[in-house]
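In this text the structure is predicted, and so the values were computed from the model without any measurement. Below, each value reflects all heavy atoms present in this structure, side chains not excepted, and no hydrogens, waters or symmetry copies. Positions are given from 1, in the same order as the sequence printed here.
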Amino acid sequence: MTVKSVRLVERNLTGFRRMPLIVVSGIFEPLFYLALASVGFEKLVGDVVGPGGRVMSYTSFAAPAFLAAAAMQGAIYEITNMFFKRRYAKTYDAVLNTPLGVGDIVTGEIAWALMRSALYTVAFLVVMTVMGLLHSWWAVLMLPATLLVGAAFAGLGAAATSFMRSWKDFELVQLFVLVLFLFSGTFYPLSTYPSWLRGIVAASPLYQSVHLLRSLQVGDVGVGLVGAVLYLAALAWIGVRGASARLTRVLTI
């Protein structure tokens, strides 16, 4: 994030102070899922085999997935506000009349989306700690890992938002988020999926996020996790580059 883009973050923070409940309310959705898993599903499903062959309760298995989903949703729902700012509020037209450039806009908005994502994940991690769902000291790395997850989805969201033409396109965003949430190993191990579908599921960004967080949760750390980290970092970089290139064309015509 550049020094100039910090000004855009300050501008968004000023707006946040006027409507904090809209943002803060998003903290509770993943907590409701966790409560549902603990009270309902755990009794029906029983124990589940997690990373490294570790047998764990269903709540412990599902919690990192809900954490990853919280990071994804916090980033996506915030970054898609770029559409309103670009198309209707004309915020970026005003911003470009200052020393800030398109790159500063993209990095500033992604940084702000990452802050909302971090708000959700920190609250969720506190609840996981209180419930005893962290089983290794490696779990201290789950917080920076969720920041990486948020950055990846914020980058993707910024790039996707730059192509939006109307409010109807938000339905595609909602569909994308829902499909990822349901079919990224969130509720079931990868082994339960049909063999032909496993490769597709494993390639999804949310599955890579879930796999990374589950492995850190139980201390199943190895070279294999480097691939997940690089995958998410690459998505963040591609998103930033793609959004910057696209907005340069859109905003400077």
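Residues Lys168 and Glu171 are not paired through a salt bridge, judged by the lack of any N-O separation under 4.0 Å between the basic side chain and the carboxylate.
Identified under the ring-ring contact (aromatic ring centres under 6.0 Å, His included) test for residues 73-108, with sequence neighbours left out: Phe83-Tyr88, Phe83-Trp167, Phe83-Phe170, Tyr88-Trp167. Counting only residues at least two apart or in different chains, side chain to side chain donor-acceptor pair (under 3.5 Å) contacts with residues 193-205 comprise Ser184-Ser204. Pairs passing the ring-ring contact (aromatic ring centres under 6.0 Å, His included) check and including a residue from residues 205-247, sequence neighbours excluded, do not occur.
Partners of Val218 under the side-chain contact (heavy atoms from CB on, under 4.5 Å) rule, at least two apart in sequence or in another chain, are Pro51, Arg54, Met56, His135, Asp220. Residues passing the side-chain hydrogen bond (donor to acceptor under 3.5 Å, both in side chains) test with Ser136, sequence neighbours excluded: none.
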Show me the donor-acceptor pairs, under 3.5 Å and distance only, between side chains in residues 145-165 and residues at least two apart or in other chains.
| from | atom 1 | to | atom 2 | distance (Å) |
| --- | --- | --- | --- | --- |
| Thr146 | OG1 | Met142 | O | 3.3 |
| Thr146 | OG1 | Leu143 | O | 2.6 |
| Thr161 | OG1 | Gly157 | O | 2.6 |
| Ser162 | OG | Ala159 | O | 2.5 |

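A donor-acceptor pair under 3.5 Å is absent between the side-chain atoms of Gln208 and the main chain of Ala203, judged by distance alone. One N or O on the side chain of Thr121 and one on the backbone of Ala118 form a donor-acceptor pair closer than 3.5 Å. Not a single donor-acceptor pair under 3.5 Å links the side chain of Thr186 to the backbone N or O of Leu182. Asn12 contributes no side-chain N or O that, together with a main-chain N or O of Val9, makes up a donor-acceptor pair within less than 3.5 Å.
When all heavy atoms of Val140 and Pro144 are compared, the pair lying nearest together is O-CD, 3.6 Å. Across every non-hydrogen atom of Thr129 and Leu134, the tightest pair is OG1-CD1, 3.3 Å. Scanning both residues, Ala113 and Glu78, for their nearest heavy atoms gives CA-CG, 3.7 Å. Between Leu206 and Ala69, the closest heavy-atom pair is CD1-N, 4.1 Å. Between Met128 and Pro64, the shortest heavy-atom distance links the atoms CE-N, 4.3 Å. Nearest heavy atom pair, residue Arg214 against residue Ala62, reads NH2-CA, 4.3 Å.
Contact check for Pro205 versus Leu180: side-chain heavy atoms found under the 4.5 Å cut-off.
For Lys90, the NZ atom sits in a packed shell: over 12 heavy atoms of surrounding residues, nucleotides or ligands are nearer than 6.0 Å. Within 6.0 Å of CZ on Phe183 lie no more than 12 heavy atoms contributed by other residues, nucleotides or ligands.
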Assess whether side chain to side chain contact (heavy atoms under 4.5 Å, CB included) is satisfied between Phe181 and Phe176, documenting all intermediate values.
CA-CA 9 Å; Phe181 181 62; Phe176 173 76; over 6 Å; no
For Phe61 and Tyr188, run side chain to side chain contact (heavy atoms under 4.5 Å, CB included): C-alpha distance rounded to whole Å, both residues' side-chain angles, the deciding distance at 0.1 Å, then the answer.
CA-CA 9 Å; Phe61 175 82; Tyr188 310 103; 5.6 Å; no
Verify side chain to side chain contact (heavy atoms under 4.5 Å, CB included) between Val179 and Leu175, making sure each step is shown before the conclusion.
CA-CA 6 Å; Val179 169; Leu175 179 62; 4.0 Å; yes
After noting the C-alpha distance and the side-chain angles of Val95 and Thr91, does the key distance pass the side chain to side chain contact (heavy atoms under 4.5 Å, CB included) rule?
CA-CA 6 Å; Val95 169; Thr91 302; 4.2 Å; yes
